[in-house]
Amino acid sequence: MRKTIKNELGDRQFSIQVDSTQDIGTIDQAAICLRYVSNSQIKEWLFSVVQVKTSSGKGLYELLKECFSQNDINFKNIIGSSFDGAANMQGEFNGLRAFIKQENQNSVYIWCYAHILNLCVCDTCENLAAKNLFGLLNRLATFFSDSYKKMGVWKEIQEKLTTGQNKLKKLQKIGETRWWSREKALLWMFDGNDCLYPIVINALDFVATSKTFDPKSISEANSLKEKLCQFNIIVTAHLFLPIFKSFGPTSTYLQSKNLDILNAFLMVDKCIADISNLKFENVLKSSKDFVLKMNNSLHKIALNKEIFIENDFPKNRRRIKKLMFDEVCDDEAPTDPKQKFRVEVFQCIIDQLRTSLTERFTNNKTLQKLSLLSSVDHSKLIDELEHFAGIYDKISKPLYKKTVDIYDENTNNDDDNLIVTDMDYEDFSLDWDDTHLSVTESECEHSFIRDEKEVGHFQDIRYLAVWK
């Protein structure tokens, strides 16, 4: 297979994707993927899986170089690379990205956009309320899976209360690197009419009231059941539900093969708009509707009447801080639990998520300009590029002479009608020697620099006019 890929690749330029992970034997292995164009078709193949002995940037560089050398692939033909955001990968000086750049100065590094999006979610999950929610979901999955007796209780209650494919659902454990695990665990527990919430409450109550389980299991079951019935947990879950429903399709699309950059950024912008339009009142209403539906569901299955899901924020007693004799003011912290949740949880999560999306995706917004080429007809684009190649020598004359010619042709025109056509003179500098021109109405901005270092080879200080 490698020989077939090598023969098809030939001496073409290509890009690589590299990522490593530990297998079940705790051996770190790196997957190397090649992406290139052959016969006007984009080819993407898994080229090799190699053992990583040194995870440093230099170690990974030597590993890649050895792999390509053994298969007679020119390492300098790498024009693009895509990794995650780890320091050994994207480090500017000692990362794999830097060593590839030394081999090919034109190589472009792209940080995986799906990884960036999921890092935005991870930033949001650092909130204390989010940690409590996802920590609880992980504890529930671990609680039932670590014993065949508890798993037997789970299956028995699930078969009694559900039908069809819902009987096959299990609680999802949450992993640090399995980005989809949070979304799956949350949706299965709280979303839809067939969610697992009443089944979990029923199974926990069975374990907590059974005499066949040990005291540790009974105590943990009671703790998980009480935690799951808290209104704070339910509201936090219904805050993240619309977030994951908005982010899920975007994350899946960013991992697809036929990715369009323009559509990807449009989807990210839509995520930001969805997050900005999320209202606390709507989250609160959906939470109370969920509580009402679950309480009715628990009543129908004749569960213990002492089990009641909270339908409002509990009013906690405020600890009075002792003031010094000269203190006349107290800290103005929110006393209303609803307002406290809005300020400390809802606003913090929304602001953090919106900021992370804006900051992490802003650096590569320039790629959107390249994606506009996707809407241009292929044959027309080729004709335009061939035409540009034919006239390139004519338009690449010294800028000083070009400017003089342009203004000489328009000397008889009024300043208001002075228009340069057929060319887009953007972001270039003009060397003003002895020429003095009036440009009051010509839609340009002048920035004059007096600095010998900027003009370099000029013997005296000149003025540079930067046109934008």
Side-chain angles (χ1 to χ4, degrees), residues 84-86 114-146 170-191 195-197 200-201 204 219-248 251 271 274-275 278 280 283-284 286-287 290-291 294 309-310 312-314 316 319 333-334 336-357 359-360:
D84 58 22
H115 187 246
I116 293 176
L117 183 67
N118 287 295
L119 286 179
C120 294
V121 178
C122 290
D123 292 342
T124 306
C125 292
E126 291 299 314
N127 186 277
L128 183 60
K131 287 183 176 180
N132 286 332
L133 170 64
F134 293 110
L136 174 63
L137 295 177
N138 197 41
R139 284 176 59 197
L140 286 168
T142 305
F143 176 76
F144 286 103
S145 63
D146 66 354
K170 293 182 180 180
L171 296 176
Q172 174 65 48
K173 292 183 180 180
I174 297 176
E176 291 297 326
T177 57
R178 289 178 295 175
W179 314 110
W180 49 265
S181 61
R182 287 189 179 92
E183 179 185 1
K184 186 176 179 180
L186 188 69
L187 293 178
W188 280 18
M189 177 64 75
F190 292 99
D191 186 48
C195 66
L196 299 177
Y197 187 90
V200 174
I201 294 291
L204 290 173
S219 175
E220 190 173 0
N222 276 315
S223 174
L224 291 172
K225 181 176 61 176
E226 292 175 2
K227 194 77 174 176
L228 199 57
C229 292
Q230 291 180 2
F231 192 64
N232 287 359
I233 292 292
I234 295 174
V235 178
T236 306
H238 283 79
L239 169 59
F240 275 97
L241 279 176
I243 292 175
F244 281 125
K245 287 181 180 179
S246 177
F247 276 50
S251 179
C271 287
D274 292 342
I275 298 305
L278 195 59
F280 178 70
V283 174
L284 195 61
S286 61
S287 302
F290 176 83
V291 170
M294 290 300 106
I309 306 171
E310 296 178 357
D312 204 353
F313 293 103
N316 299 324
R319 182 175 62 86
D336 180 29
K338 176 181 175 182
Q339 184 66 15
K340 183 180 177 67
F341 186 91
R342 180 203 294 266
V343 173
E344 296 182 356
V345 180
F346 178 80
Q347 292 292 351
C348 288
I349 289 176
I350 296 300
D351 291 345
Q352 175 64 57
L353 191 55
R354 189 164 47 195
T355 302
S356 297
L357 285 171
E359 289 180 352
R360 291 184 183 273

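In this structure, Lys227 NZ and Ile233 CD1 are separated by 5.0 Å, a value rounded to the nearest 0.5 Å. In this structure, the separation between CG on Leu128 and CG on Leu133 is 11.5 Å, given to the nearest 0.5 Å. Leu357 CG to Leu117 CG: the interatomic distance, rounded to the nearest 0.5 Å, is 6.5 Å. Separation of atoms CZ (Arg354) and CG (Leu278) is listed at 10.0 Å; rounding is to 0.5 Å. The structure places NZ of Lys338 at 5.5 Å from CG of Leu284, a figure rounded to the nearest 0.5 Å. To the nearest 0.5 Å, atoms CZ (Arg182) and CD (Gln172) are separated by 11.5 Å.
A donor-acceptor pair is defined here as one N or O able to donate and one able to accept, closer than 3.5 Å; such a pair exists between the side chain of Ser287 and the backbone of Val283. At distances below 3.5 Å, not a single donor-acceptor pair connects side-chain atoms of Ser223 with backbone N or O atoms of Ser219. Between the Thr355 side chain and the Asp351 main chain, a donor and an acceptor come within less than 3.5 Å of each other.
Between His238 and Phe190, the ring-plane angle classifies as perpendicular under the 30° and 60° cut-offs.
Side-chain contact check for Ile350 versus Phe280: every heavy-atom pair is 4.5 Å or farther apart. Here the side chains of Leu228 and Tyr197 are in contact, with some heavy-atom distance below 4.5 Å. Side-chain contact check for Met294 versus Ile201: every heavy-atom pair is 4.5 Å or farther apart. Taking the side chain as every heavy atom from C-beta outward, Phe144 and Leu204 approach each other to under 4.5 Å.
Contact between Thr124 and Ala130 at its shortest, heavy atoms only, is O-CB, 4.1 Å. Between Ala114 and Ser251, the closest heavy-atom pair is CB-O, 4.3 Å. Contact detail for Leu353 and Cys120: the closest heavy-atom pair is CD1-O, 3.7 Å. Nearest heavy atoms, Phe341 versus Asn232: CE1-O, 4.1 Å. The shortest heavy-atom contact between Cys195 and Met189 is CB-O, 3.4 Å. Between Pro337 and Pro314 the shortest heavy-atom distance is CB-O, 3.5 Å.
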Practice task
Decide side chain to side chain contact (heavy atoms under 4.5 Å, CB included) for Trp188 and Leu137; before the verdict, give the C-alpha distance in whole Å, the side-chain angles of both, and the deciding distance to 0.1 Å.
Solution key: CA-CA 10 Å; Trp188 280 18; Leu137 295 177; over 6 Å; no

Problem - Criterion side chain to side chain contact (heavy atoms under 4.5 Å, CB included) on Val200 and Leu224, from CA distance to verdict - result: CA-CA 10 Å; Val200 174; Leu224 291 172; over 6 Å; no

Exercise for the section: Walk me through it: do Ile309 and Phe290 pass the test side chain to side chain contact (heavy atoms under 4.5 Å, CB included)? Expected result: CA-CA 10 Å; Ile309 306 171; Phe290 176 83; 5.9 Å; no

Exercise for the section: Decide side chain to side chain contact (heavy atoms under 4.5 Å, CB included) for Asn138 and Phe134; before the verdict, give the C-alpha distance in whole Å, the side-chain angles of both, and the deciding distance to 0.1 Å. Expected result: CA-CA 6 Å; Asn138 197 41; Phe134 293 110; over 6 Å; no

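With respect to Ile243, the side-chain contact (heavy atoms from CB on, under 4.5 Å) criterion is satisfied by exactly one of Asp274, Ile349, Leu186: Ile349. With Glu344 as reference, Lys340 is the one residue of Lys340, Gln347, Arg342 to meet the side-chain hydrogen bond (donor to acceptor under 3.5 Å, both in side chains) rule.
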